[in-house]
Structures are given as C-alpha cells and as structure tokens.
Chemist: 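I'd like to ask some things about the structure below.
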Protein chains: 2
Amino acid sequence: MAPPTDPNHGPAPRAAGVRVTAKDVAREAGVSIATVSRAMSNDPTIAERTRTRVLQQADAMGYSPNLFARGLITKRSGIVAMFANNITNPFYPEVVVKLTRQLQDLNLHTMLFTSDDGEDMDRVLTTLRQVNPDLVVILAATVTSGALRAFRDSHTPVILFNRYVKGAAASSVCCDNFEGGRMVARELARAGHRRLAFIEGLAMASTSADRRDGFMAGAADVGLDPPMIHAGGDFSYESGQAGIKALFAPCEPRPDAVFCANDIIAMGAMDAARGDLGLSVPGDLSVVGFDDIAMAAWPSHDLTTVRQPMRAMIDRVAVEIQRVMYSDAPDPQAHFLPGRLVVRGSARLADGGDLHP
Amino acid sequence: MAPPTDPNHGPAPRAAGVRVTAKDVAREAGVSIATVSRAMSNDPTIAERTRTRVLQQADAMGYSPNLFARGLITKRSGIVAMFANNITNPFYPEVVVKLTRQLQDLNLHTMLFTSDDGEDMDRVLTTLRQVNPDLVVILAATVTSGALRAFRDSHTPVILFNRYVKGAAASSVCCDNFEGGRMVARELARAGHRRLAFIEGLAMASTSADRRDGFMAGAADVGLDPPMIHAGGDFSYESGQAGIKALFAPCEPRPDAVFCANDIIAMGAMDAARGDLGLSVPGDLSVVGFDDIAMAAWPSHDLTTVRQPMRAMIDRVAVEIQRVMYSDAPDPQAHFLPGRLVVRGSARLADGGDLHP
DNA sequence: ATGAAAGCGCTAACAA
DNA sequence: TTGTTAGCGCTTTCAT
C-alpha cells in the first residue's frame with residue numbers, strides 16, 4: 001500500500017506552504033476537526049464511509065497528525081530516550097540502531113542523547129527530561145542515583161541496558177556478565193591453563209567489574225591462583241595493547257591465558273602479544289574476549305569470546321518497554337540473559353558452553 | 001494492520017508521570033505563567049530579581065519547560081531527524097553519535113530513524129515527518145525524489161550526508177568520493193601497479209559508484225587499462241572475500257592492486273587474499289580501502305585507505321544546519337570535502353597525497 | 001455518527 | 001516590568 005503521504009498518490013499535493021493541519025483536512029472534507037481526529041485514530045464510532053473519505057482527503061493533502069500536539073493531550077510523547085556514551089565499542093551503536101528499528105514498529109520514536117563522560121551527564125539528563133520521554137533506556141552507562149531519583153519523581157520508567165543497580169527504581173536487561181566471566185575461567189582451567197589474567201575496561205563500568213569478579217570466582221572454583229588483574233584502562237584497543245605488555249613486564253609469573261573485558265581490548269591484547277611480544281596465540285597465550293562483535297569472527301583475529309545475546313536482549317527490552325508502558329505502577333524487573341562461549345582459534349579450549357546449561 | 005498513527009493500538013497505556021508545569025511554578029512563586037516563561041527563556045524585559053526568584057523556584061520544583069508545547073507555538077521543534085540505514089559500517093553510527101553530541105550544544109535534539117532497506121523507507125520517512133523536525137539529516141542512504149519533494153513541500157530542509165542528488169532541494173555534505181577514487185588510481189599507477197581492480201559496495205549507493213568512477217577516471221588519466229570491476233555485493237566483509245575470489249578466478253589477467261568501496265570490504269578482501277588465495281599483501285597484491293575507520297590502523301590489517309574527514313564533515317553539517325535554520329529561504333548548498341590517502345602497509349605506495357593539493 | 005467546546009503547556013501579542 | 005488573553009494542533013468530553 002502506498003504510504004499516506006505518497007505525493008504520487010491521488011491529486012497533486014497541496015501547494016507548498018505551511019504544514020497541513022487537521023483543520024485544513026476538515027475544511028476540504030466538509031467535516032469537523034473532531035471527525036478528522038477520529039478518522040486518523042481509528043475511532044470505532046466513526047462511520048466507515050466518512051472514515052475512508054477523510055483518510056483519502058488526508059492522503060491527498062499529505063496530512064499526518066502532529067505527534068506533539070497529540071502528546072500534549074494524551075500525555076504520551078511516544079518517545080523513548082536512549083542515552084549512550086560508549087562509542088568506541090561498536091556493540092552499543094548497533095544496539096541503538098536495532099532497538100530503534102524495533103521500536104518503530106511499536107510506533108515509538110527514538111531520541112538519542114550522548115555525553116562524553118561523567119560530569120556533563122547530569123546536564124544531558126536534564127535536557128533529556130525536557131522532551132518528556134515515555135521511557136528512558138540507558139545503555140551501559142553509569143548513572144547517578146540522583147538522576148535515577150529524578151526520573152522516578154517524574155514517573156519516567158528507566159530501563160538499564162547492561163547495567164544493574166541494586167534496589168534502584170529501574171529495570172535492567174543485562175547479559176549475565178558475572179556468569180560469563182566464571183564460565184571463561186572454568187573452561188580455560190579445564191583446557192589446562194594455570195595462570196589466568198584479566199584486562200579491565202573502564203573502572204566504573206559494572207560490565208567490566210562483573211566479568212572480572214565472575215572470572216575470579218571461576219578461578220577460585222577450580223582451585224587456581226587468583227588471576228592477575230590489569231586495571232586502569234578503558235574499553236579501547238590501546239588498553240588491550242598496554243594491558244598485555246604490563247602483564248608480561250615482570251619475569252614471573254607469566255599468564256598462559258588472558259580474558260579481556262571486551263572484544264576490542266582482546267584484539268589489542270592479541271595483536272600486541274603477537275607483534276610486540278612475539279608470542280604465539282594461542283600457542284603461548286590464549287586470548288578470550290567478550291561481546292562477539294562482527295569482526296571477532298574475522299579470520300584476522302578469529303577470537304574466542306563470550307557472545308552477548310544481543311537479539312534476545314533487544315527483544316527483552318522491547319517486551320519490558322511494553323510492560324512498563326501498559327501497566328499502572330510497574331515494578332522494575334531485572335533480567336539477566338546468559339551469554340554463550342564461542343570457541344574460535346585464539347584460545348586453546350575444548351568446546352563451547354552455555355552460561356546456564 | 002493498524003495505520004501508523006493509531007494511538008488506540010492495544011490496551012490503554014498508563015498516563016506518563018505527572019510533571020511540574022509552568023502553572024505550578026507560577027503559583028508557588030506568586031507570579032503569572034507568562035513571567036515564568038520569560039524567566040525560563042531569558043527574556044531581557046524581566047526584572048533581574050524576579051528572574052532569579054522564579055528560576056530558583058523552578059529549580060527547587062524540578063521544573064523544565066515542555067519542549068513540545070513550546071514548539072507548538074514557536075514552530076520550532078528543536079528536533080533534527082537523522083535517518084540512517086547503514087549499520088554494518090561503523091563509520092555511520094559514529095557519525096550519528098558525534099553529530100548528536102555536537103547538536104546537543106546547539107540545543108538541538110536528535111531523533112533517530114532507520115530502515116532495513118529501500119522498500120519500507122518511505123513509510124519510515126512518513127513517520128519521521130510526523131515529528132515535525134526542524135531539519136532532516138540523511139546519512140548515506142538513497143532517497144527517492146518523491147520523499148525529497150515531500151520535505152520541500154513541508155518546508156523541512158534536508159541535508160544529505162555522503163550523498164549528492166543533482167538539482168535536488170537538499171544540501172549535501174560529502175567526502176569527495178570521485179576525487180578520492182581518482183587519487184587512489186593515480187598513486188597505485190605511480191607506484192608501478194598495472195592491473196587495477198575495484199570491489200563495489202551496494203549498487204545503488206552513490207558513495208560506491210563515485211569512488212568507482214573516480215578510480216576508473218584516474219586509471220584512464222594515466223593510460224592504464226580500465227580496472228576490473230566486481231559488482232553485486234554490499235558493504236560487508238563477506239563482499240570483500242567474495243569479490244577478491246571472483247577477481248582471481250579467471251587465470252588472466254590477475255590484478256596487482258585492488259581498491260575497495262570501503263574499509264570493511266577491503267579487510268575482507270585482504271583476509272581472503274592472504275588466507276584463501278595464499279597471496280602476499282602487499283607483495284602480490286596491494287589493497288586500498290575507503291573511510292579510515294579505527295581498526296584500519298590496527299596492526300592486524302594496517303590498511304592503506306582514503307580517510308574521510310569525519311570531523312570536518314560533521315562540523316560542516318553543524319554549520320549548514322545553523323545556516324539553514326537561521327535564514328528564511330536558504331538555497332541548498334553542496335559541500336565536497338577532500339579525503340586524504342593514509343598510506344599503511346597493505347599497499348606498495350610511495351607517499352600520502354591530498355585530494356586537492 | 002457527528003459537531004461544539006474545552007483544554008493540554010506553553011509563548012507572544014497587547015495592555016496596564 | 002508584569003499580567004491578561006489568545007491561540008499553536010490536537011484529543012476528548014458532552015451534546016445533539
């Protein structure tokens with residue numbers, strides 16, 4: 001079917017000028033604006049004949065209702081505000097785009113907000129509140145409890161993506177980062193690795209911390225020494241390069257496996273291990289990442305990694321959005337979705353495994 | 001299926017939160033709502049003392065003006081709609097995020113729209129028009145002239161990013177793709193390459209076509225045979241793998257240099273050349289990409305490529321946005337920004353060069 | 001089944 | 001300098 005505003009559908013579009021309003025359509029169709037409104041919103045009380053006539057007229061004039069005027073009355077902006085400040089990791093832009101795509105089918109619109117780092121974030125969140133979003137999705141960013149409270153006060157539900165704040169008035173949809181880390185440690189141990197190491201991402205990111213804690217717990221489970229930890233980096237390729245060099249700087253003990261807070265770090269670590277350190281991967285060192293971004297599968301790195309169930313996470317967010325929007329006083333819910341170990345050539349490992357088998 | 005504007009889709013949604021309005025602040029501060037409005041919008045006619053008092057009260061109550069009620073009157077939504085359907089190439093998500101960041105400082109808000117591909121694009125653009133954006137930025141997507149006309153009719157300026165439509169009522173900010181391609185051909189020839197090849201991206205993308213045409217023009221300039229062209233792919237890694245294999249399938253002539261429509265393709269071509277074909281890069285084959293995404297610089301690929309001046313392009317878009325928003329009947333302008341050849345290890349080349357020296 | 005009228009929250013004349 | 005009033009474009013009673 002032709003879209004309602006297809007200019008090649010029906011008579012020539014109205015002479016260029018101001019935007020066509022319900023009033024214009026009403027006048028041309030010989031009805032009241034209330035009837036136009038009813039026609040546009042599928043009000044069942046309208047006569048079928050009138051409805052089609054009005055719709056046709058609207059179509060011909062290229063009319064579509066002003067979403068914000070509508071929102072002023074219905075108290076629903078139809079807007080989902082997404083906040084993301086992670087840009088070096090292609091995982092999150094991809095989530096933004098895919099989630100946007102999905103929300104479009106629910107007649108919801110994405111408004112995008114970003115901040116460079118911590119300090120101006122509250123300023124951005126204030127701006128964000130001005131647009132009265134029906135809902136806020138915060139992607140892998142640390143948000144102050146003050147900001148969370150402000151949202152609760154304005155009755156704006158919040159969904160955290162890959163972030164979990166205990167006791168907060170916000171829903172969460174996360175990959176089970178802790179279990180993912182634990183699984184990696186166990187599998188590495190099972191394949192005979194003895195000296196584990198971990199390269200952190202951003203210190204304040206719970207994704208990094210949870211993966212690390214899970215990794216350490218897993219090492220403890222199987223009786224290995226606590227993994228060496230390289231801290232102080234961010235989620236970048238350069239952090240991976242720097243991390244692996246730092247881990248190998250002391251003569252002993254040298255790790256035989258390194259787990260990284262995300263794939264980008266892992267690729268940096270792998271390239272530096274091979275290039276600068278002259279190590280064989282996985283011969284001398286197994287490297288494992290987290291995310292499973294597209295290029296992890298490329299032969300150039302062939303990276304063993306924990307795949308975040310992106311599709312399932314996005315679907316879960318969409319469901320949570322609907323739940324939260326269509327219930328009166330929704331309790332925040334936390335969802336943890338299991339990751340899956342994707343075994344490739346960068347690590348000496350036996351086999352894949354699920355987080356929650 | 002319910003029309004895109006159906007608000008009665010499903011059960012009645014809960015009303016969004018009760019928000020503090022200008023009326024509330026006015027009551028508490030003992031002034032009229034007009035005064036509140038003046039205080040919030042820095043109207044110079046208001047008394048300084050009143051202004052601070054009102055602002056304080058507003059602050060205390062957590063008030064911020066409803067952007068859309070304001071827009072209803074001022075005829076300015078403050079919204080920039082961005083349309084992007086390219087998701088496999090990390091270049092564009094990065095542009096979206098960075099441009100958003102920049103617009104925030106101009107008090108403009110980004111609304112994001114995507115479509116999977118051509119057909120449902122008009123439907124998405126219809127939805128997009130409902131939000132009355134002050135301006136539309138279309139990123140590297142092909143738009144129908146009908147859609148462009150619809151925007152012109154509703155007086156919504158359009159800026160095309162890396163797309164140029166001759167005679168269209170839309171501004172353009174592009175990397176000079178044609179000259180970029182030409183430069184690559186010339187530089188390859190200068191370094192002694194004789195049998196050039198090109199791997200296309202999506203057929204309908206002008207970025208791919210312009211780079212190809214420039215490349216062919218450059219080859220002609222220096223008297224080389226017309227490059228072999230591999231068509232029928234998209235902008236993916238897999239297209240690069242398939243492309244290079246197809247180019248090497250016939251025994252003769254075999255290319256000694258391949259230029260790819262973007263970096264992702266180039267990496268696929270390079271990995272397949274080395275892996276599947278057992279070639280040495282750049283010994284047997286030089287590989288050149290386009291974009292200079294972050295990972296092009298990673299040692300794993302060390303890709304020679306044409307760098308798009310992303311920062312300059314984004315700045316240019318911001319300037320164009322301001323120009324278009326603050327003038328009555330702005331003529332669309334086209335800007336072509338020169339790329340720069342970044343010489344790395346994937347190609348036997350003499351030296352870097354600028355598009356417009 | 002349709003229309004008239006009352007706003008949603010805000011800004012912009014126009015008065016005072 | 002401030003308040004009053006009239007809408008922006010739309011939905012939603014309440015009549016008819």
Side-chain angles (χ1 to χ4, degrees), chain A residues 17-55 57-58 61-79 129-132 134 154, chain B residues 5-9 12-13 15-54 58 61-79 129-132 134 154-155:
Chain A
V18 280
R19 253 189 76 98
V20 186
T21 72
K23 209 163 151 185
D24 301 322
V25 177
R27 184 178 7 83
E28 294 300 314
V31 294
S32 72
I33 63 163
T35 300
V36 173
S37 167
R38 283 189 268 254
M40 296 307 293
S41 47
N42 268 0
D43 189 316
T45 75
I46 199 178
E48 191 52 33
R49 279 191 53 239
T50 327
R51 204 183 73 88
T52 51
R53 187 162 49 90
V54 172
L55 250 37
Q57 187 60 243
M61 301 174 72
Y63 168 75
S64 58
N66 182 323
L67 215 63
F68 301 136
R70 171 183 281 176
L72 218 48
I73 294 213
T74 60
K75 301 292 183 195
R76 295 191 63 222
S77 60
I79 288 178
R129 290 182 48 240
Q130 289 201 0
V131 305
N132 275 2
D134 288 344
S154 59
Chain B
T5 53
D6 181 5
N8 306 321
H9 196 77
V18 199
R19 273 187 54 109
V20 185
T21 73
K23 209 164 157 185
D24 301 324
V25 178
R27 186 180 2 87
E28 295 300 312
V31 294
S32 73
I33 64 165
T35 300
V36 174
S37 168
R38 282 190 269 257
M40 296 308 292
S41 48
N42 272 354
D43 189 316
T45 74
I46 198 178
E48 191 53 33
R49 278 191 50 243
T50 327
R51 207 184 70 87
T52 50
R53 186 161 48 90
V54 171
M61 302 175 69
Y63 168 75
S64 59
N66 181 323
L67 215 64
F68 300 135
R70 173 184 281 176
L72 219 46
I73 293 216
T74 61
K75 303 289 180 195
R76 287 280 192 89
S77 61
I79 287 178
R129 291 183 50 239
Q130 285 198 335
V131 305
N132 277 0
D134 288 345
S154 59
H155 286 158

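Labels below follow one simple rule: chain letters A, B, ... track the order of the sequence lines, proteins then strands, and each chain is numbered from 1.
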Chemist: Taking only side-chain nitrogens and oxygens of Thr35(A), does any of them come within less than 4.0 Å of OP1 or OP2 of dA1(C)?
Modeler: no
Chemist: For the pair Val25(B) and Met40(B), evaluate side-chain contact (heavy atoms from CB on, under 4.5 Å) and give the outcome as yes or no after the intermediate values.
Modeler: CA-CA 11 Å; Val25(B) 178; Met40(B) 296 308 292; over 6 Å; no
Chemist: With DNA chain D as reference, determine whether Ile46(B) or Ala69(B) sits nearer its 5' end, using the nearest nucleotide of each.
Modeler: Ile46(B)
Chemist: Send over the distance from Tyr63(A) OH to dG9(D) P, rounded to a whole Å.
Modeler: 10 Å
Chemist: Could you check how far CZ of Arg38(A) sits from P of dC10(D), rounded to whole Å?
Modeler: 15 Å
Chemist: Rounded to whole angstroms, how far apart are NZ on Lys23(B) and C1' on dG3(D)?
Modeler: 16 Å
Chemist: Which listed nucleotide (dT11(D), dA1(C), dT11(C)) is nearest to the side chain of Ser37(A)?
Modeler: dT11(D)
Chemist: Measure from the side-chain heavy atoms of Lys75(B) and tell me the nearest of dT12(D), dG9(C), dC8(D).
Modeler: dC8(D)
Chemist: How far does the helix from dA1(C)-dT16(D) to dA16(C)-dT1(D) bend, going by the axes of its first and last five pairs, to the nearest 10°?
Modeler: 40°
Chemist: Where the side chain of Ala34(B) is defined as all heavy atoms beyond and including C-beta, which of dA4(C), dG3(D), dT11(D) is the nearest nucleotide?
Modeler: dG3(D)
Chemist: Nearest-Å distance, CZ (Phe68(A)) to P (dG7(D))?
Modeler: 24 Å
Chemist: To the closest 0.5 Å, what do you measure between CG (Leu67(B)) and OG1 (Thr74(B))?
Modeler: 8.5 Å
Chemist: Among dT11(C), dT1(D), dT4(D), which nucleotide sits nearest the side chain of Ser32(B)?
Modeler: dT4(D)
Chemist: dC10(C) P sits how many Å from Ile73(A) CD1, rounded?
Modeler: 15 Å
Chemist: Rounded to the nearest 0.5 Å, what separation is found between the OH atom of Tyr63(A) and the CZ atom of Arg129(B)?
Modeler: 11.5 Å
Chemist: Cut-off 3.5 Å, side chains only: do Arg19(B) and Asn132(A) have a donor facing an acceptor?
Modeler: yes
Chemist: dC8(D) C1' sits how many Å from Ile33(A) CD1, rounded?
Modeler: 12 Å
Chemist: Given 3.5 Å as the limit, does a donor-acceptor pair link the side chain of Arg53(B) with the main chain of Ala29(B), or not?
Modeler: yes
Chemist: Reckon Thr50(A) has a side-chain N or O less than 4.0 Å from the OP1 or OP2 of dT2(C)?
Modeler: yes
Chemist: How close or far is atom C1' of dT2(C) from atom CZ of Arg27(A), stated in whole angstroms?
Modeler: 19 Å
Chemist: Measuring from the side chain of Thr21(B) (C-beta onward, heavy atoms only), which nucleotide among dT11(C), dG9(C), dC10(D) has the closest atom?
Modeler: dG9(C)
Chemist: Which heavy atom of Pro65(B) sits nearest to which heavy atom of Arg70(B), and what is that distance?
Modeler: CG-NH2, 3.5 Å
Chemist: Looking only at heavy atoms, which two atoms of Ile33(A) and Lys23(A) are closest? And how far apart?
Modeler: CG2-CA, 3.6 Å
Chemist: Please tell me which of the listed nucleotides, dG3(D), dT11(C), dC10(D), lies nearest to the side chain of Val31(B)?
Modeler: dG3(D)
Chemist: Considering only dT2(D), dG7(C), dG9(C), which nucleotide approaches the side chain of Thr45(B) most closely?
Modeler: dT2(D)
Chemist: Given dG3(D), dC8(C), dC10(C), identify the nucleotide with an atom nearest to the side chain of Asn66(B).
Modeler: dC10(C)
Chemist: Take atom CZ of Arg76(B) and atom P of dA12(C), then tell me their distance rounded to the nearest Å.
Modeler: 11 Å
Chemist: Please find the pair of heavy atoms, one from Ala39(B) and one from Val54(B), that lie closest to each other, and give the distance.
Modeler: CB-CG1, 3.6 Å
